[in-house]
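One structure is given here, and the rest of the page talks about it.
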Amino acid sequence: MKKLNNLPEGNFLRLFFVAVSLCFVIAAPFMPDRGRMFTGLWDIMTGTCKISTNYFALGGFAATFLNMGLVGLFCTGLVSLPGSKPNHVTTLGVLLTVGFASWGMNILNMIPTVLGVMLYALVKKEKLGAVSNAMLYSTGIAPLISDLLFRYPGVEFIGFNWLGLGLALLVGLVIGFFLPAGLAHAPNIHKGYDHYSAAVPIGMTAFFLRAVLYNVMLGKNPGQLGLTAMAAPNVTLQLGANIFCIAVFALCIVAAFLMGCKPKDYWNLMKDSGHGVCFTTKYGYAPFLMNVGVFGLMIIGYFNLAGVIDGKDVWTGMTFGIVFCMLATCNSGSHPGNVWPIMAGYMITSLLFGGIFKLLNPGETFALTIGNQSILIGLCYANGLSPVAGKYGFGYGILAGGLHYLLVTAVPDMHGGFCLYNGGFTAALICLLLVPQLEKFCKTKEERKTARLEKVNK
C-alpha cells in the first residue's frame, strides 16, 4: 500500500475515483429491488431531474446505485483524456457529480454539455484533457437538459421528440462552449471563500435560460421541485445508507493507515485554513484519504443527529447523494475542523428562527427544521464556506452558516430547480455580502495571532 504514495498525483486520484465508483456498481446488485435495476435506470434517465428529485423513489435503490457508479466511471474516463492533470478541483468535480447521480443527474443528461466543452476545446485547439474539469462542472445544469429533452415546451412527459432532442443538444452545446470562460472568472467573485466556484456561472446560466425558455417564450412558470416521494421513514434505506457509507469511509481510514498516515500528519491537515489549498499536493495521499474517511463519518453522524432532533428519518435519495456532494471538498480545503462551525451555524439558526416562527405563528408547524430535506441539502453547499471559518475563526464560520441557512431555500425560485449547484450559488451570494465586511472590519486568525505576539514582546 505504501507504494501508492509514489504514484503521480493524477494517477492516484484516478485510482481513487475508480475505487469509489466501483463501490456503487458492486453494491447495486445487492439492493433489495435488484430485479428492476435496469428498468429503474431507464426511469431515472427519462424522469424529471429537478433539484429534490428522489431517485430512490423514481427508479429504486439498485438503479440509483448503478447510476452513481456509471456516472463515476464516466467522469473518470473524462479526466483520463490526453492532457488531463487531475487535482483538487477534479476531486471536487467527480465526487459532486457522483453525488448528484442520486437526485438530479444521470448518464444521459450529462452528455450535451460535455459535448459543448469538447466543441470549445476543438475551436480553441486545446487538448480535451485540459478542459476535463470544465466538462465535469458543465453537468450542473443537467436537470434543464432532461426537461428540454423529454418535456419541453410543456412540463409533462412527452418522450423523445425532434424538437426536444435538437433543443437539448443546442442548449447543451452553447452552455458547454461558453462555460470555461465563466469558470476561469468565477473565483474572482468570492476570492476563494466558496469552494463551489462553478455554481456562479451555472447558476446564472440556469436563471437566464429559465427566464428565456419558459417565462418569455412560453409565458409560463416551469415549476421548481421534482419528485420527493419516499420521504416517510424507511428502515431499509436508513440502515442501508449508513452501512454503505460507514463501510466506504472506514475503508478509506484503513487504507490511510496502511499507506503510513500518522495522527500528527492528519492533525497538520486539520490545522489548515482550507483557503486556496490542495490537500493531496500539500500533505500527501494518506492524510487526504484519512480526511475522506473522518470527514465522511462526521457528515453521516450529523445527518443522523438531525434526524434524531427532528424525530424523523432524514434519508432519501437526495440526502444519500449529498453525503458525497459535501465530501467533494475533502481535497480542496474542507475538514472537520473548519466545517463544524458551518454545521453549528445551521443548527443554531434553525432553532432560533424556529422559535421566532412559533411566536409569530402560534399553533403552526415550522417547516425549515434542521432535518428538513431542503435544509440538509443546503448545508451540503454551506460547507463550501469552510474557508471563512478556517481563515477568520469559528465564530465567523457560524455566522456564514447561519446566513446561508436563511437564503438557501429562496434561491431555487431564480432558476426553477434547473441548477444542481443551488447551494453553491447561495454560498457565492453570501460571500458577496460577507467577505467585503470581513476584510474591512475583521482580522484573520493569523493577524490576531501576530498582534498578540507583538503585544507580548513589547
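Atom set for the values below is all heavy atoms of this structure, side chains included, hydrogens, waters and symmetry mates excluded.
Between the side chains of Thr369 and Asn372, not a single donor N or O lies within less than 3.5 Å of an accepting N or O. Residues Ser334 and Ser386 have side chains that bring a donor and an acceptor to within less than 3.5 angstrom of each other. Residues Tyr381 and Asp194 bring no donor and acceptor atom of their side chains to less than 3.5 Å of each other. With no hydrogens or angles considered, no side-chain donor-acceptor pair links Asn291 and Tyr283 at under 3.5 Å. Of the N and O atoms on the side chains of His88 and Thr280, not one donor lies less than 3.5 Å from an acceptor on the other residue.
Dense packing is recorded around CZ of Phe366, with more than 12 heavy atoms of other residues, nucleotides or ligands lying under 6.0 Å away. Within 6.0 Å of NZ in Lys445 there are more than 12 heavy atoms belonging to other residues, nucleotides or ligands.
Ala256 and Leu289 make their closest contact through CB-CB, 4.0 Å (heavy atoms, listed as atom of the first residue, atom of the second, distance). Among all heavy-atom pairs drawn from Met135 and Ser138, the shortest one is O-OG, 2.8 Å. Across all their heavy atoms, Tyr196 and Gly424 have their closest contact at CB-CA, 3.9 Å. The shortest non-hydrogen separation linking Asp33 to Gly60 is OD2-CA, 3.1 Å. Pro29 and Arg34 get closest at one heavy-atom pair: O-CD, 2.6 Å. The minimum heavy-atom distance between Ala142 and Gly104, with the atom names listed, is CB-O, 4.1 Å.
In this structure, NZ in Lys358 is found 12.5 Å from CD1 in Ile356, a value given to the nearest 0.5 Å.
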Any chance you could lay out the side-chain contact (heavy atoms from CB on, under 4.5 Å) test for Asn106 and Ser146, step after step, and finish with the verdict? CA-CA 9 Å; Asn106 57 65; Ser146 286; 4.2 Å; yes

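In this pair, Phe288 and Phe16 present their aromatic rings perpendicular. The plane angle is above 60°, beyond the 30 to 60° band. Taking the six-membered ring where tryptophan is involved, the planes of Phe65 and Phe24 are tilted, since the angle between them lies from 30° to 60°. Aromatic ring pairs are classed by plane angle as parallel below 30°, tilted from 30° to 60° and perpendicular above 60°; the pair Tyr405 and Tyr346 is perpendicular.
Taking the six-membered ring where the residue is Trp, the centroids of Tyr214 and Phe418 are separated by under 6.0 Å. Aromatic ring centres of Phe100 and Tyr421 lie closer together than 6.0 Å. A distance of 6.0 Å or more separates the ring centres of Trp315 and Phe56.
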